[in-house]
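A short worksheet on the structure shown next.
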Amino acid sequence: QVRLVESGGDSVQAGGSLRLSCAASGHTWNRNCMGWFRQAPGKEREGVAVSDAARASTYYVDSVKGRFTISQDNAENTVYLQMDSLKPEDTAMYYCAAAEGLCNLPPRPQQFRYWGQGTQVTVSS
């Protein structure tokens with residue numbers, strides 16, 4: 001089974017930066033659609049960013065556009081989320097996810113088969 005492991009979450013001040021990493025292992029699959037989701041306590045899981053490699057495009061939820069950047073290094077089996085200009089409302093558990101087919105946008109959690117365990121991001125004022 002595919003295993004996804006996130007790292008890089010931390011506690012930072014507003015305006016700071018973090019870089020999340022998601023390392024993939026296990027059986028290989030089509031990695032054309034890789035995404036990052038986040039979930040704060042009591043809120044729905046939200047699709048934050050998606051790398052649609054088949055179409056050479058990316059997706060970002062409006063609230064993070066211009067601040068977050070998703071990238072993918074298939075040679076290293078790793079997907080990244082660079083987060084700049086962090087805001088307190090970015091505080092959440094961040095999850096890496098992978099779909100086995102082409103991306104459907106906007107992303108929904110049900111479309112992603114494989115999930116990491118999550119990494120906590122906390123942004124203080």
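- Inter-residue side-chain proximity for L81 and R38 is flagged as unmet; no heavy-atom pair is nearer than 4.5 Å.
- The aromatic rings of W115 and F37 lie tilted to each other, with the angle between the two planes from 30° to 60°.
- Side-chain atoms of C33 and V50, non-hydrogen and from C-beta on, do get closer than 4.5 Å to each other.
- In plain terms, the two heavy atoms of Q13 and S125 that are nearest each other are OE1-O, 3.3 Å.
- Between L4 and A24, the shortest heavy-atom distance links the atoms CD2-CB, 3.6 Å.
- Atom CD of E89 has more than 12 heavy atoms from other residues, nucleotides or ligands within 6.0 Å.
- T91 contributes a side-chain N or O that, together with a main-chain N or O of V123, makes up a donor-acceptor pair within less than 3.5 Å.
- D73 places a side-chain heavy atom less than 4.5 Å from the side chain of Y80.
- One finds the CD atom of Q120 at 7.5 Å from the OG atom of S11 (value rounded to the nearest 0.5 Å).
- Ion pairing between D90 and K87 fails under the 4.0 Å rule for side-chain N and carboxylate O.
- Minimum interatomic distance between P88 and A14 (heavy atoms only, all atoms of both residues): CD-CB, 4.1 Å.
- Side-chain atoms of Y94 and E6, non-hydrogen and from C-beta on, never get closer than 4.5 Å to each other.
- Inter-residue side-chain proximity for V79 and W36 is flagged as met; some heavy-atom pair is nearer than 4.5 Å.
- The nearest pair of heavy atoms linking T78 to S21 is CG2-CB, 4.4 Å.
- In this structure, NZ on K43 lies 15.0 Å from CE on M93, to the nearest 0.5 angstrom.
- In this structure the side chain of Y60 never reaches within 4.5 angstrom of the side chain of R67, judged on heavy atoms.
- The shortest heavy-atom contact between Q72 and A53 is OE1-CB, 4.4 Å.
- The minimum heavy-atom distance linking S17 with D84 is given by the pair OG-OD1, 2.8 Å.
- When side chains are defined from C-beta on, L20 counts as touching M83, because their heavy atoms get closer than 4.5 Å.
- The distance from the CG atom of N77 to the CZ atom of R3 is 13.5 Å, given to the nearest 0.5 Å.
- Within the model, atoms CD1 of I70 and CD of Q82 stand 12.0 Å from one another, a figure rounded to the nearest 0.5 Å.
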